[in-house]
Every structure is written in C-alpha cells, then in structure tokens.
Amino acid sequence: MKSLIKNIGILVGIDESGRDRIMGGEMKNLATMTDAYVICEDGLISSYGSMKDLPEGRFDEETDARGGAVLPAMCDSHTHIVYAGSRETEFVDKINGLSYEEIARRGGGILNSADRLHEASEEELFEEAMPRLHQMLASGTGAAEIKSGYGLSTKDEIKMLRVIRRMAEASPMTIRATFLGAHAVARDYIGRQGEYVDLICNEMIPAVAAEGLADFVDVFCDRGFFTPEETARMLECGAKFGMRPKIHANELAASGGIQIGVAHKALSVDHLEFTGDEEIAVLLGSGTMPTILPGAAFFLGMNYPPARKMIDAGLGVAIASDFNPGSSPSGNMKFILSLACIKLRMNPQEAINAATLNGAYAMGLQATHGSVTKGKRADLWITEPVSSLEFIPYAYGVSLTAGMILGGKRVL
Ligand code: NIG
Ligand code: FE
C-alpha cells in the first residue's frame, strides 16, 4: 500500500541522524520543512520533501493536510489505563486538604482501584480501557506503554496484562506492556511487605513471563511504598525473565529510586519530583531516560521536577501522561506538551522531542518510532492549520487534531 500526505504546512521532527535519543542542548533543535509532502509505503515513511518536488504517481490513499502541521505521533511511555471505575471522591478529598499519601494510608488510592479491579471481568476492563486509548489517539499519541498494578495478586495481575494484550491486538497503536505488581502492598499483605515481595518474585513474575505478557518490570520505589532494597530484588527477578526495569522513583521523596534504577540499567526512571544534583550526576552517562510526568504534579498540586536544570546539565528527558485514576486522570499528551512548556520551562521544541523520540526510547521503540525518518513507521499526527509549531503547545487545552496516520493508514 502506498499513501500520500500533501499540503503539509510544517513537517516537524525530521531526523536522518540515526540517533536513538536527544540529549541536553540538542533538545531545543527540531528540524522542520514547510509546504511539504510525505509518502508512505507498506506502513513506513519512504520519502518526504517540498510540495514543489512532489513526484508523479498513484496512491492508494491520499490525505490533504490543508496547511496543518504533521508531527511524529507522540509516544506516551507511561500510563495505567486499565482500571475499573474512577476516583473523583479522592479528587474532592484532595481539594479539601488531604494529601495523596494520606488518602493512600486511609485505604484509598491504589488499593481502592485494586478492590474494584478485583470485581471486574476481563471483558469489562477491556470495554472500559479502550475508550481511554482512543482519547489518547485523538490527542496525537501513536504508541503507548500500559502498566498492570491494580491487580496485586497473581490472578488479577495476569487478568490486567491479558487485557493489555487484547488492547494491543485491537488497536492500530503500538503498545508495550509493563508488569507493576509492586505498585502497592496488597491489602491481604499489609504488615507483611517482605512476603508480598516474595510473592512477586516467586510467583507473579514467573507466571507473567510464562505467558509472555510483559516487556518491562516496574516498582513504585518511594516513601511509604517499596524500599530501594526491595526494589533491587524485584528488578533482579524481573531481569532474569527478560523484563527490563522502568521504575516509579522520587515522586514523594528523595527515595534512592533513581540510583537503584540506573544501577539496574532501567530503560527509564519516572516521576522525579525530588531530583537533586546527586541524582542528575547518576543519570548523566547512563542509558536510563529520565521521564517526567507533569500531569501528576499538576493534578496533585505538587512541585514540578527540575526539568530545566536536568536538560541544562546535559540530560535528555522524556515526558509522558501517567494516565491513571488517582494522580493523572487524563492521557491528553497535547496538554502535557503545554504543561511541559508552562510548568517545566521547556521550550516547544524540547517538549516535542521529549514526547516523541525520547518517549520512544523510554519504550525501546526508538528504531521504529518517534521521528520523521525514512524507513521508520509512518505514524503521524496531523493538526489543524497552525501559524507555527510553537502554536501547538501555546493553544493549551485545544484539540488541534485533524487526523492520525498509523502504519501509513488513516485511522482518525
Ligand atoms: O504514577 N505513583 C504511583 N502510581 C501512579 C498513581 C496510581 C494511582 O493513584 O492509582 C502514578 O502516579
Ligand atoms: Fe505512574
């Protein structure tokens, strides 16, 4: 199949350098071309160029971008979109002064979602989660990571991961799955945290691996959740079964999570609200992608991670939505771009790089996703006509999506 996208006002994110991620001062550079076309063949980008040089030819599908921007579809490397029901009562508790940790201590939070997920069937979870994936697609996302972590028992964790596998089969988006049995200590194990860690290592990880259900292993390594020592143990168990770590770290305190993640060759360490010079020094020179989730800091009213300082120190960063019922009930990456600019003081080019190639890297998809590159998958986000690429994050809260092309096919 051969398809054409023509009359592109600005083609954004062109990269033929072959690099796998974008670091430090490079993040502010984003190659563009005005008045452009893209040709896709068999799902991949085969060529692009200026409209005046558009080659003659027949196409199975033609899209007129009508002067809109075309960007690499965004790569949302951190979500928890398989869950049952919502938690707006906790939202009101927070407005009335309770903190995320206080809510969790009262048995709300993750355990609240685990109770509800326990009651839901695989079919019900699938039906609830697919519209969330569709909302993400509509905001410009073409690839996403989805975590388990509301099961907290072998049976329910497997149930969640099977739902994720079904979603991957049903959606044109690229999906990566992460096992997050260590999201919280299950209710039955409260006061016996060590035994819960044993359960994860001895039973859950082998069972998940036996069905090939997870690409990555994650642990919520933070104050009040899992310690660096417990985290190290679970990451080592996951690694034995071929699951690379992607961990939650330093959201609630300087927990040592970043150091443990880097020491275990984590693909990413995520959240990072509490990141200082020591953590930045550890990340520099590592293969670990620091991943910032500004939606969680926004929604919980917390301090934002020091993204500006991290980039100025030479780090590449990714941004992701963290779409989940407790700390970030939205997967709108278009809004995350705006938050990155407004609250993290990233410029629009840095924010787009963070949401595209660096997000792809944080899922191990950098060879095929995240930039407009000949031979990469033709996953493209088409916007309404815009005056400049800066207009995209500037127009916060406004959906600019005019179309989505995934694997060279128009899906929206
Ligand atoms: O990434 N921080 C831990 N986990 C999620 C929140 C999960 C929840 O509250 O349901 C997060 O923010
Ligand atoms: Fe998360």
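Counting starts at 1 for both ligands and their atoms, in listed order.
- Formation of a donor-acceptor pair under 3.5 Å by the Ser171 side chain with backbone atoms of Met167 is not found in this model.
- Between Ser113 and ligand 1, a contact under 3.5 Å exists for no N or O pair.
- In terms of protein heavy atoms, atom 12 (O) of ligand 1 is closest to Ser327 OG, 2.5 Å.
- With respect to the salt-bridge test (charged N to carboxylate O, under 4.0 angstrom), the residues Arg166 and Glu123 qualify.
- Between the side chain of Tyr100 and the backbone N or O of Lys94, no donor-acceptor pair lies under 3.5 Å.
- Within the listing of ligand 1, atoms 7 (C), 8 (C), 10 (O) sit less than 4.0 angstrom from a heavy atom of Tyr150.
- Shortest distance from the Fe ion (ligand 2) to His78 is reached at NE2 (N/O/S atoms only).
- A salt bridge between Asp156 and Lys159 is present, with a side-chain N of the basic residue lying under 4.0 Å from a carboxylate O of the acidic one.
- In this structure, of Asp322, Leu300, Leu180, the residue bringing a heavy atom nearest to atom 1 (O) of ligand 1 is Asp322.
- Listed by number with element, the atoms of ligand 1 under 4.0 angstrom from any heavy atom of Arg87 are 8 (C), 9 (O), 10 (O).
- Side-chain atoms of Ser338 come within 3.5 Å of backbone N or O of Pro393 as a donor-acceptor pair.
- Counting protein heavy atoms only, atom 2 (N) of ligand 1 is closest to Glu251 OE1, 2.7 Å.
- Of the residues Lys147, Arg244, Arg176, the one that meets the salt bridge (Lys or Arg N to Asp or Glu O under 4.0 Å) test with Asp218 is Lys147.
- Distance from atom 4 (N) of ligand 1 to its nearest protein heavy atom, with residue and atom name: His183 NE2, 2.8 Å.
- For atom 3 (C) of ligand 1, the closest non-hydrogen atom of the protein is Phe220 CE2, 3.3 Å.
- Taking a cutoff of 4.0 Å between a charged side-chain nitrogen and a carboxylate oxygen, Lys409 and Glu61 do not qualify as a salt bridge.
- A salt bridge does not link Arg223 to Glu251: none of the charged nitrogens lies less than 4.0 Å from a carboxylate oxygen.
- Shown in contact with His78 at under 4.0 Å from a heavy atom are these atoms of ligand 1, numbered in order with element: 1 (O).
- The closest approach between a heavy atom of Tyr100 and any atom of ligand 1 is below 4.0 Å.
- When each atom of ligand 1 is checked for a heavy atom of Ile110 under 4.0 Å away, the hits are 7 (C), 8 (C), 9 (O), 10 (O).
- Closest N/O/S atom of Asp322 to the Fe ion (ligand 2): OD1.
- The NE2 atom of His80, the Fe ion (ligand 2) and the NE2 atom of His248 define an angle of 100° (nearest 10 degrees).
- In this structure, Arg308 pairs ionically with Glu350, as a charged nitrogen and a carboxylate oxygen lie closer than 4.0 Å.
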